[in-house]
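One structure is given here, and the rest of the page talks about it.
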Amino acid sequence: MRYAIADLETAGFKDRGGKGGHRNFVHSKVAKPVTISGKSGDDAKKYQERAVSKAIEESKS
């Protein structure tokens with residue numbers, strides 16, 4: 001999970017916070033926030049990895 005968060009922060013996403021174990025990352029070029037759930041030491045789910053990759057690609061355009 002921490003790698004997904006580090007990748008988002010490196011790409012310019014900002015942590016907007018969230019409820020409970022959720023964190024929302026926003027970027028000015030990306031329409032929807034990326035929500036990451038779970039503790040930072042947990043393994044990322046496949047759908048979370050895909051969402052992070054897609055959002056990072058969208059932020060580059």
Side-chain angles (χ1 to χ4, degrees):
M1 193 72 63
R2 71 178 65 103
Y3 299 114
I5 293 171
D7 290 344
L8 286 169
E9 290 175 342
T10 301
F13 285 78
K14 301 293 180 199
D15 186 357
R16 178 176 88 176
K19 286 187 166 187
H22 292 76
R23 289 173 298 285
N24 295 302
F25 290 86
V26 295
H27 192 282
S28 60
K29 294 183 179 180
V30 180
K32 293 172 64 175
V34 180
T35 302
I36 302 292
S37 61
K39 298 176 184 168
S40 64
D42 293 345
D43 290 335
K45 308 280 191 233
K46 287 290 183 190
Y47 71 90
Q48 291 174 324
E49 292 175 0
R50 282 193 301 268
V52 168
S53 296
K54 183 178 176 183
I56 290 173
E57 285 302 314
E58 188 177 336
S59 73
K60 292 178 182 177
S61 59

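The basis for the numbers below is simple: all heavy atoms, side chains too, and nothing from hydrogens, waters or symmetry mates.
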| said: Run the side-chain contact (heavy atoms from CB on, under 4.5 Å) test on Phe13 and Ile56 for me, step by step, so that the C-alpha distance in whole Å, both residues' side-chain angles and the decisive distance to 0.1 Å come before the verdict. | reply: CA-CA 9 Å; Phe13 285 78; Ile56 290 173; 4.2 Å; yes
- Is there a side-chain contact between Met1 and Ile36 (heavy atoms, below 4.5 Å)? yes
In terms of heavy-atom contacts, Pro33 and Val26 come closest through CB-CG1, 3.8 Å
In short, side-chain hydrogen bond (donor to acceptor under 3.5 Å, both in side chains) pairs touching residues 1-15 with sequence neighbours left out are none
Counting neighbours of CG on Asp42 that are heavy atoms of other residues, nucleotides or ligands and sit closer than 6.0 Å, is the number greater than 12? yes
Output for pair (Ser37 OG, Gln48 CD), nearest 0.5 Å, gives 4.5 Å
side-chain hydrogen bond (donor to acceptor under 3.5 Å, both in side chains) pairs touching residues 21-34, sequence neighbours excluded, are Asn24-Thr35
Heavy atoms of Val30 and Ala55 approach each other most closely as CG2-O, 3.6 Å
- Item | Test side-chain contact (heavy atoms from CB on, under 4.5 Å) applied to Ile5 and Phe25, step by step | CA-CA 9 Å; Ile5 293 171; Phe25 290 86; 3.7 Å; yes
Applied to residues 46-61, the salt bridge (Lys or Arg N to Asp or Glu O under 4.0 Å) test, sequence neighbours excluded, yields Lys46-Glu49, Glu57-Lys60
